[in-house]
> 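Can you read through this structure? Questions will come right after.
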Amino acid sequence: MEAAFEPQTLQEAITYFSNEDNCIAYLVRKRWPNGVTCPTCGSSKVVFLAAQRRWKCYVKHDRPQFSVKVGTVMEDSPIQLSKWLMAMWQIVNCKNGISSYEVHRAIGITQKSAWFLDHRIRFALGMTPGNKLSGQVEADETFIGGKARNMHRAKRERVITGTGGKDKTAVMGILERGSKTTGSKVRVKVVDNTKKKTLQSEVRDHVLAGSALFTDALKSYEGLNEFQYEVVDHAVEYVRGEVHTNGLENFWSLVKRVLNGTYISVEPFHLFRYLDEQAFRYNHRKMNDGDRFDIVVRQIVGKRLTWDHLTGKAAQLA
């Protein structure tokens, strides 16, 4: 197979991944560093069928032949690997995101296919629980949804039924402050509401007891006594020494700039995947393009998002 190569720039990626065999070799190195094994039974008794660009497993079961796509977010996709990998590169490295219309024009597939492909890549970017955040931690919430002043009168009368965030989607963020070298890390989640039970449950699930916790003056955060809890009242001040939520305020501005400027219209039931995408880029912003791409390629295995699940025709994935 092709000697190990790690593209570091968009030009290198386009050149290298234009060859389908290079794509297969690259994905094999990431997925099976110790040798190819059958995704169905785990056996290493496999042989590569060069003419078909597939492997055959010699253990008897229902799916003896498999490609590098099997068992990944790309499974059952007729789209070439070269196009998949270029879309991945763009999604993880375009600072302001890239819409399905841009992807469809860039790699030559339909917009509908590009939209499905984009969501499967975002599914691979989804955050895993990981260790609890510690040190200095900020918690904040925001509401995401269309602005009434930008809506046609008929839609505004149909959609806007209250004030504030009543007709918007509540989102909570928790940020662990980092150094200039490592950078801060954020976790973000769509929540049902901003009541005390909901927000405090999220804080306790994701923040180590004893950590310094900073929030605004929202009453829902009162009672988090197991943390070194301090409040900054935005009606009075935005910063008091180290007590502020400016890290999360900055993240919210990035999220809303991407949603309003690139994706334009995001349905509430898809919002969490767009948030995962933005959180991934934010948490890995200190890396170069090649390293970010390497991470997402390693995360595509063992994940599957079908069209029926994506469009609500089947029960949503947990």
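Everything numeric here is computed off the predicted structure, so don't read it as measured data.
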> I'd like to know whether CG of N131 has more than 12 heavy-atom contacts from other residues, nucleotides or ligands below 6.0 angstrom.
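No, not enclosed.
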> Can you classify the ring geometry of H119 versus H270 as parallel (below 30°), tilted (30 to 60°) or perpendicular (above 60°)?
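It falls in the tilted class, 30° to 60°.
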> Taking atom NZ as the centre, does K95 end up with more than 12 heavy-atom neighbours from other residues, nucleotides or ligands that are less than 6.0 angstrom away?
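Result for NZ/K95: open.
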> State the NZ-CG distance between K83 and L85, to the nearest 0.5 angstrom.
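Here the interatomic distance stands at 13.0 Å.
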> If you define the side chain from C-beta out and look only at heavy atoms, does anything of I98 sit under 4.5 Å from I91?
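In contact.
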> Taking the six-membered ring of Y282 (Phe, Tyr or Trp), confirm whether the NZ or CZ of R285 is under 6.0 Å from its centre and within 45° of its axis.
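Cation-pi check for R285 and Y282: passes.
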> Under a 4.5 Å cut-off applied to non-hydrogen side-chain atoms, are W115 and H104 in contact?
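Contact flag for W115/H104 side chains = no.
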> Pair V297, L27 - check side chain to side chain contact (heavy atoms under 4.5 Å, CB included), show working.
CA-CA 8 Å; V297 170; L27 291 171; 3.7 Å; yes
> Give a yes or no on whether a salt bridge exists between E6 and K30, defined as a side-chain N under 4.0 angstrom from a carboxylate O.
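Judged by the 4.0 Å cut-off on N to carboxylate O distance, E6 and K30 do form a salt bridge.
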> Does any non-hydrogen side-chain atom of L10 lie less than 4.5 Å from one of M86?
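Of all side-chain heavy-atom pairs linking L10 with M86, at least one is under 4.5 Å.
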> Could you list who else is in V203's hydrophobic cluster, with ILVMFWY side chains joined at under 4.5 Å, directly or through other members?
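Besides V203, the cluster holds L133, V137, M172, I174, V191, L199, V207, L213, L218, Y221, L224, F227, Y229, V231.
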> Identify the two heavy atoms, one from N96 and one from V258, that lie closest to each other, and give their separation to 0.1 Å.
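In this case the closest contact between N96 and V258 is O-CG1, 3.6 Å.
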> Does H284 form a ring-ring contact (aromatic ring centres under 6.0 Å, His included) with F280? I'd like the steps, not just the answer.
CA-CA 6 Å; H284 298 93; F280 177 89; 4.4 Å; yes
> For the pair R273 and D276, find out whether any cationic side-chain nitrogen is under 4.0 Å from an anionic carboxylate oxygen.
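Looking at R273 and D276, the cut-off is not met.
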> Regarding R120 and the six-membered ring of F116, is the cationic atom NZ or CZ under 6.0 Å from the ring centre and inside 45° of its axis?
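Yes, R120 sits over the ring of F116.
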> With side chain to side chain contact (heavy atoms under 4.5 Å, CB included) as the test, would you mind laying out the steps for I144 and L275 before giving the verdict?
CA-CA 11 Å; I144 294 176; L275 294 173; 4.2 Å; yes
> How many angstroms lie between OG in S82 and CD1 in I14, if you round to the nearest 0.5 Å?
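Nearest 0.5 Å value for the OG-CD1 distance: 11.0 Å.
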> Please confirm whether R31 makes a cation-pi placement over F66, using NZ or CZ under 6.0 Å from the six-membered ring centre and within 45° of the ring normal.
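Pair R31/F66 does not count as cation-pi.
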> Tell me, with the steps shown, if L259 and L271 meet side chain to side chain contact (heavy atoms under 4.5 Å, CB included).
CA-CA 9 Å; L259 293 178; L271 178 59; 3.9 Å; yes
> A side-chain contact here means heavy atoms from C-beta on lying under 4.5 Å apart; do R304 and H309 qualify?
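No, too far: nothing below the 4.5 Å cut-off.
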> Could you state the interatomic distance from OG (S201) to NE2 (H206), rounded to the nearest 0.5 Å?
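S201 OG to H206 NE2: 8.0 Å, rounded to 0.5 Å.
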> For I300 and V296, work out which heavy atoms get closest and say how close.
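Looks like CG2-O, 3.3 Å.
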> Can a salt bridge be assigned to the pair E20 and R53 using a cut-off of 4.0 Å between side-chain N and carboxylate O?
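Salt bridge between E20 and R53, a charged N being under 4.0 Å from a carboxylate O: no.
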> Hey, are S100 and D118 close enough side-chain-wise for a donor-acceptor pair under 3.5 Å?
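Result is no, nothing qualifies.
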> For the residue pair V255 and V188, establish whether any side-chain heavy-atom pair is separated by less than 4.5 Å.
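No, side chains not in contact.
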> Carefully, step by step, assess H234 and Y238 under the rule ring-ring contact (aromatic ring centres under 6.0 Å, His included).
CA-CA 5 Å; H234 289 166; Y238 281 90; 4.7 Å; yes
> Parallel, tilted or perpendicular: which fits the ring planes of F17 and F293, with parallel below 30° and perpendicular above 60°?
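Correct class here is tilted.
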> Could you state the interatomic distance from CD (E12) to CZ (F5), rounded to the nearest 0.5 Å?
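Output value for this atom pair is 4.5 Å.
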> Heavy atoms only: give me the nearest N283-S184 pair and the separation to one decimal.
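For N283 versus S184, the nearest heavy atoms are OD1-O, 4.1 Å.
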> Counting only heavy atoms not in K303, do more than 12 fall under 6.0 Å of its NZ?
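Counting other residues, nucleotides and ligands, NZ of K303 exceeds 12 neighbours.
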> Hey, can you tell me if W55 and F48 have their rings parallel, tilted or perpendicular (30° and 60° cut-offs)?
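Aromatic pair W55/F48 classed tilted.
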> For a 4.5 angstrom cut-off between non-hydrogen side-chain atoms, does T40 reach C57?
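T40 vs C57: side chains apart.
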> Can you confirm whether more than 12 heavy atoms, excluding those of Q52, are under 6.0 Å from its CD atom?
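It does: Q52 CD has more than 12 such atoms within range.
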> Does some side-chain heavy atom of P7 sit less than 4.5 Å from a side-chain heavy atom of Y26?
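In short, these two side chains touch, coming nearer than 4.5 Å.
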> Under the salt bridge (charged side-chain N to carboxylate O under 4.0 Å, His left out) criterion, do R240 and E230 qualify, and how do the steps go?
CA-CA 10 Å; R240 188 177 69 255; E230 294 195 60; 3.7 Å; yes
> Do E138 and R177 meet the salt-bridge criterion of a basic N to acidic O distance under 4.0 Å?
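Yes.
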> Would you mind reporting whether C38 and H61 have side-chain heavy atoms less than 4.5 Å apart?
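Side chain of H61 against side chain of C38, heavy atoms only: contact under 4.5 Å found.
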> Would you tell me whether T142 and K256 have side-chain atoms, one donor and one acceptor, within less than 3.5 Å of each other?
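T142 vs K256: donor-acceptor pair found between side chains.
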> Looking at Q11, I'd like to know if its CD atom is crowded, meaning that more than 12 non-hydrogen atoms belonging to other residues, nucleotides or ligands lie closer than 6.0 Å.
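Atom CD in Q11 is not crowded, with 12 or fewer foreign heavy atoms closer than 6.0 Å.
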> If you measure from the Lys or Arg side-chain nitrogens to the Asp or Glu carboxylate oxygens, is any gap between R187 and E202 under 4.0 Å?
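A salt bridge is absent here (no side-chain N lies under 4.0 Å from a carboxylate O).
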